[in-house]
Amino acid sequence: MSTTLSSLTKPLQRFSVRHATRLPLIVTATLLVAMFSVGSLNYEGFFSAQVLLNVLIDNGFLLVVAIGMTFVILTGGIDLSVGSMVALSTMLTAWLVEQNGLPLALAVPVVLLVGAGGGALMGWVIHAFEIQPFIVTLAGMFLARGLCYMISTESISITDPTTTRIAQTRVLLPGGLFVSPAVVIALVVLAVAFVVLHHTRFGRTVYALGGNESSTRLMGLPVGRTKIAVYAVSGLCSALGGLLLTFYMLSGYALHAVGMELDAIAAVVIGGTLLTGGSGFVLGTALGVTVLGLIQTIISFQGTLSSWWTRIVIGGLLFVFILLQRLFGGARTAE
Amino acid sequence: MTPPDDTGAGTRPARAPGTRRLTGHPLFWPAAVLAALLLGNVALTHDFLAVRVQNGHLYGSLVDILQFGAPLILVSLGMTLVIATRGIDLSVGSTVAIAGALACEHIASAADPGSLSTVFTAIVIALGVAAAIGLLNGFLVARLGVQPIVATLVLMVAGRGVAQLITDGQIISVSSPAYKMIGGGYWLTLPFAVLLAAALVAVTSLVTRRTALGMLIESVGGNPVASRLVGIRASGLLVTVYVVSALCAAVAGLMISSNVSSADGNNAGLWIELDAILAVVVGGTALTGGRFSLGGTVLGALIIQTLSTTIYTLGVPPETTLVFKALVVIVVCLVQSPAFRARLSRKRGRRGPVAPVPAPTAADVTARRQEVHP
């Protein structure tokens with residue numbers, strides 16, 4: 001880094017040394033409050049709890065997928081296959097339920113198993129053959145998307161009564177507010193992920209692995225098993241996210257969730273998890289997903305802005321947060 | 001660092017004569033795969049290799065493969081140099097879309113869409129913006145030390161939005177014979193796009209193999225710290241390769257939009273970064289950097305294009321190409337992985353006292369080099 005840049009950021013670095021791991025979270029939370037305030041001041045009807053809940057309703061599946069991605073990124077890996085895996089789950093569910101008449105209660109475990117199994121397989125290839133996660137999950141991305149098309153190149157809409165009933169269910173909250181069951185499931189996943197990452201031996205190994213793989217190995221922690229497990233978790237989360245998307249869309253389609261891996265990665269990064277691994281919070285990921293959702297909400301409230309602004313703003317935010325990460329990275333090494 | 005040359009065969013003493021020497025050539029396996037694919041196509045459609053002249057233009061499946069493959073060859077060309085520095089450029093697909101959108105937007109809004117000066121200005125605008133994209137990627141990677149996959153992810157996400165912003169979300173159609181020349185025109189009976197791609201490949205090989213540039217790039221990819229210690233200015237080189245990659249993508253974007261006479265911000269160049277990475281890897285350049293083969297990349301791109309053409313010829317839904325591509329990626333990566341080959345040879349060793357030495361592939365050579373220069 002150039003000297004002028006580091007002298008400019010000295011005070012920030014001194015602060016970030018003390019709060020190195022929490023600062024990104026603080027920045028994201030501030031951003032969230034700022035976005036919500038700006039939205040409330042500018043648009044009528046924006047300032048309501050239901051608007052925030054709608055963000056969760058529209059992005060519950062993304063939250064689940066991003067939680068899985070957080071596990072992988074914490075180990076210093078990356079999973080590019082999640083978007084395709086989500087699409088494959090919607091396709092598989094629709095195909096099993098609609099075209100094979102399988103009850104939903106049986107289709108769900110099958111889909112979850114396929115997701116977790118696919119993830120574990122990729123994790124095993126990454127670990128056993130020491131191939132970069134990026135390229136293995138890229139192959140997984142191609143494979144899952146291709147399998148979607150092998151099932152059907154057309155969209156399969158779902159008319160199964162059980163599925164539609166679940167999709168239309170509203171979970172009522174006090175004050176006339178409501179959420180979808182998907183939000184409840186996503187929040188449960190978030191709670192489980194939080195406990196697993198911060199209060200179990202497995203979670204500690206995940207952080208250790210992202211910090212330094214060879215030290216982790218020398219400490220005698222199960223590197224291989226953990227690596228395979230995080231990709232299995234990511235696969236499981238994508239499959240579950242796909243199921244939630246199926247309820248949201250009531251259809252299976254090979255073109256569902258194109259580019260969702262990028263949204264998930266963006267949410268994790270904006271949530272303050274270092275892409276080099278070893279540092280971050282799964283609750284930050286939830287904040288990241290909310291930021292992405294609020295961007296969409298603001299753009300839809302604005303009305304005159306087109307949807308492609310979402311991508312530009314997400315890209316811009318990603319850029320800013322990557323720069324921030326570099327500053328923290330510098331602080332960490334200075335320490 | 002061994003002195004690089006494009007063949008790689010000359011750097012090792014050829015111990016075994018004849019076939020071993022042939023199969024040991026880095027380009028042997030990509031070429032063999034391509035030949036097998038072409039032969040398979042001949043078996044499927046008998047006039048596959050037939051090339052005929054019609055209206056003074058060459059026609060035939062082979063010409064089609066070359067013409068439709070030209071953009072991929074170009075994107076892969078830039079990608080090869082980036083990967084040689086141990087990097088990756090995910091933003092090329094968006095760059096393709098942005099370049100096409102800028103050029104078409106300029107031509108469509110110009111008073112005289114057919115004039116050479118309009119087209120020339122459009123090309124300059126597209127290339128200029130692409131250079132800026134490359135500079136941004138290079139700045140993030142070289143100056144700020146961001147991982148390449150993350151640095152280029154930014155523009156991969158935002159770039160499509162920018163392309164849509166330029167075209168206002170529409171598909172912009174242009175009618176300009178001069179612009180049509182780039183991607184759909186013919187010159188000396190050959191598709192102009194093929195000639196353009198060939199020329200750029202030739203220039204890049206000359207510059208990287210007849211000057212020290214290629215060796216410096218490989219040096220930075222092989223060991224950045226050692227390169228800095230011997231006085232190679234790595235950051236300048238890194239910025240250069242990202243700019244070259246973006247420029248190659250921009251030319252590909254011009255070709256694609258010119259061929260269909262329209263710019264589509266959403267779909268132009270979609271997934272081309274993945275195809276390009278695949279082409280580079282199939283061509284024998286390892287993703288771990290330190291060595292590259294432009295010839296291999298061109299063969300790799302042609303293999304992927306031929307594979308796509310074959311799928312179309314077979315009448316299989318074209319979307320299922322993704323499955324084949326996935327299998328190709330897995331196989332190629334396994335073959336390249338030292339851990340996989342170690343397992344394989346261990347198994348073979350157990351079976352008999354004399355382990356048969358597997359014929360070295362392009363990947364073998366690359367991997368062996370990595371073992372020598374970790």
Side-chain angles (χ1 to χ4, degrees), chain A residues 1-2 5 76 78 80-81 84 122 125 127-136 138-150 152-153 254-255 258-259 261-263 265-266 269 275-276 306-323 325-327 329-330, chain B residues 88 90-91 94 136 140 143-147 149-151 153-169 265-266 270-271 273-275 277-278 281 287-288 316-334 336-343:
Chain A
M1 211 176 297
S2 65
L5 192 61
I78 199 138
L80 294 180
S81 70
S84 308
M122 287 191 294
V125 172
H127 173 68
F129 304 118
E130 291 156 31
I131 307 176
Q132 287 166 315
F134 153 71
I135 197 81
V136 175
L138 187 69
M141 175 192 197
F142 279 139
L143 194 63
R145 197 64 80 178
L147 288 176
C148 288
Y149 285 112
M150 281 195 153
S152 167
T153 51
L255 280 176
V258 168
E261 55 281 341
L262 302 179
D263 287 342
I265 295 170
V269 173
L275 272 160
T276 40
S306 307
S307 60
W308 55 80
W309 276 101
T310 320
R311 303 226 69 81
I312 298 178
V313 175
I314 293 176
L317 274 182
L318 209 52
F319 181 73
V320 170
F321 274 79
I322 287 168
L323 289 185
Q325 285 197 356
R326 283 316 295 170
L327 298 184
Chain B
I88 199 107
L90 294 182
S91 68
S94 296
L136 179 66
L140 283 171
R143 290 281 168 183
L144 296 186
V146 179
Q147 296 155 280
I149 177 171
V150 177
L153 187 69
V154 173
L155 277 168
M156 184 188 185
V157 176
R160 295 246 158 240
V162 171
Q164 296 234 321
L165 188 69
I166 295 165
T167 62
D168 210 15
N266 215 14
L270 198 61
W271 306 132
E273 59 276 343
L274 304 180
D275 278 352
I277 295 166
L278 189 54
V281 175
L287 279 167
T288 38
V316 181
E319 291 88 353
T320 47
T321 23
L322 289 170
V323 174
F324 292 96
K325 282 179 189 168
L327 295 177
V328 172
V329 176
I330 292 166
V331 169
V332 169
C333 284
L334 283 181
Q336 280 197 354
S337 147
F340 179 75
R341 280 179 301 120
R343 282 189 177 209

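Each chain gets a letter, A, B and so on, in the order its sequence line appears, and its residues count up from 1.
The residue among A/Gly146, A/Gly140, A/Ala266, A/Cys148 with the most heavy atom pairs within less than 4.5 Å of chain B is A/Gly146. Options A/Val313, A/Ile312, A/Ile265, A/Leu318 differ in how many heavy-atom pairs under 4.5 Å they form with chain B, and the most are formed by A/Ile312. Per-residue counts of heavy-atom pairs under 4.5 Å with chain B were compared for A/Met150, A/Arg311, A/Met141, A/Glu130; the largest is that of A/Arg311. Note: A/Trp308 leads A/Trp308, A/Tyr149, A/Trp309 in heavy-atom pairs under 4.5 Å with chain B.
Proximity to chain B (any heavy atom under 4.5 Å) is shown, for A/Ala144, by neither the backbone nor the side chain. Of the atoms belonging to A/Leu317, not a single heavy atom falls under 4.5 Å from chain B. At a 4.5 Å heavy-atom cutoff, B/Asn266 makes no contact with chain A through either its backbone or its side chain. Residue contact with chain A, scored on non-hydrogen atoms closer than 4.5 Å, involves the side chain of B/Ile149 exclusively. Within the 4.5 angstrom heavy-atom criterion, atoms from both the backbone and the side chain of B/Gln164 approach chain A. Within the 4.5 angstrom heavy-atom criterion, only side-chain atoms of A/Phe134, from C-beta onward, approach chain B. Looking at B/Leu155, neither its backbone nor its side chain comes within 4.5 Å of chain A, counting heavy atoms on both sides.
Across every non-hydrogen atom of B/Leu322 and A/Arg145, the tightest pair is CD1-CG, 3.6 Å. Contact between B/Met156 and B/Ser91 at its shortest, heavy atoms only, is N-CB, 4.0 Å. Scanning both residues, A/Ala139 and B/Ala326, for their nearest heavy atoms gives O-CB, 3.3 Å.
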_Residues A/Val125, B/Ile330; criterion side-chain contact (heavy atoms from CB on, under 4.5 Å); working and verdict_ = CA-CA 9 Å; A/Val125 172; B/Ile330 292 166; 5.8 Å; no
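Looking at heavy atoms from C-beta onward, B/Glu273 lies in side-chain contact with B/Trp271 at the 4.5 angstrom threshold.
Under the rule for a side chain to side chain contact (heavy atoms under 4.5 Å, CB included), the partners of A/Ile135 that lie at least two apart in sequence or sit in another chain are A/Ile131, A/Gln132, A/Leu138, B/Ile277, B/Leu287, B/Val329, B/Cys333. With sequence neighbours excluded, the residues that form a side chain to side chain contact (heavy atoms under 4.5 Å, CB included) with B/Ile166 are B/Ile98, B/Ala101, B/Leu102, B/Glu105, B/Val162.
A donor-acceptor pair under 3.5 Å is formed between the side chain of B/Arg160 and the backbone N or O of B/Gly265.
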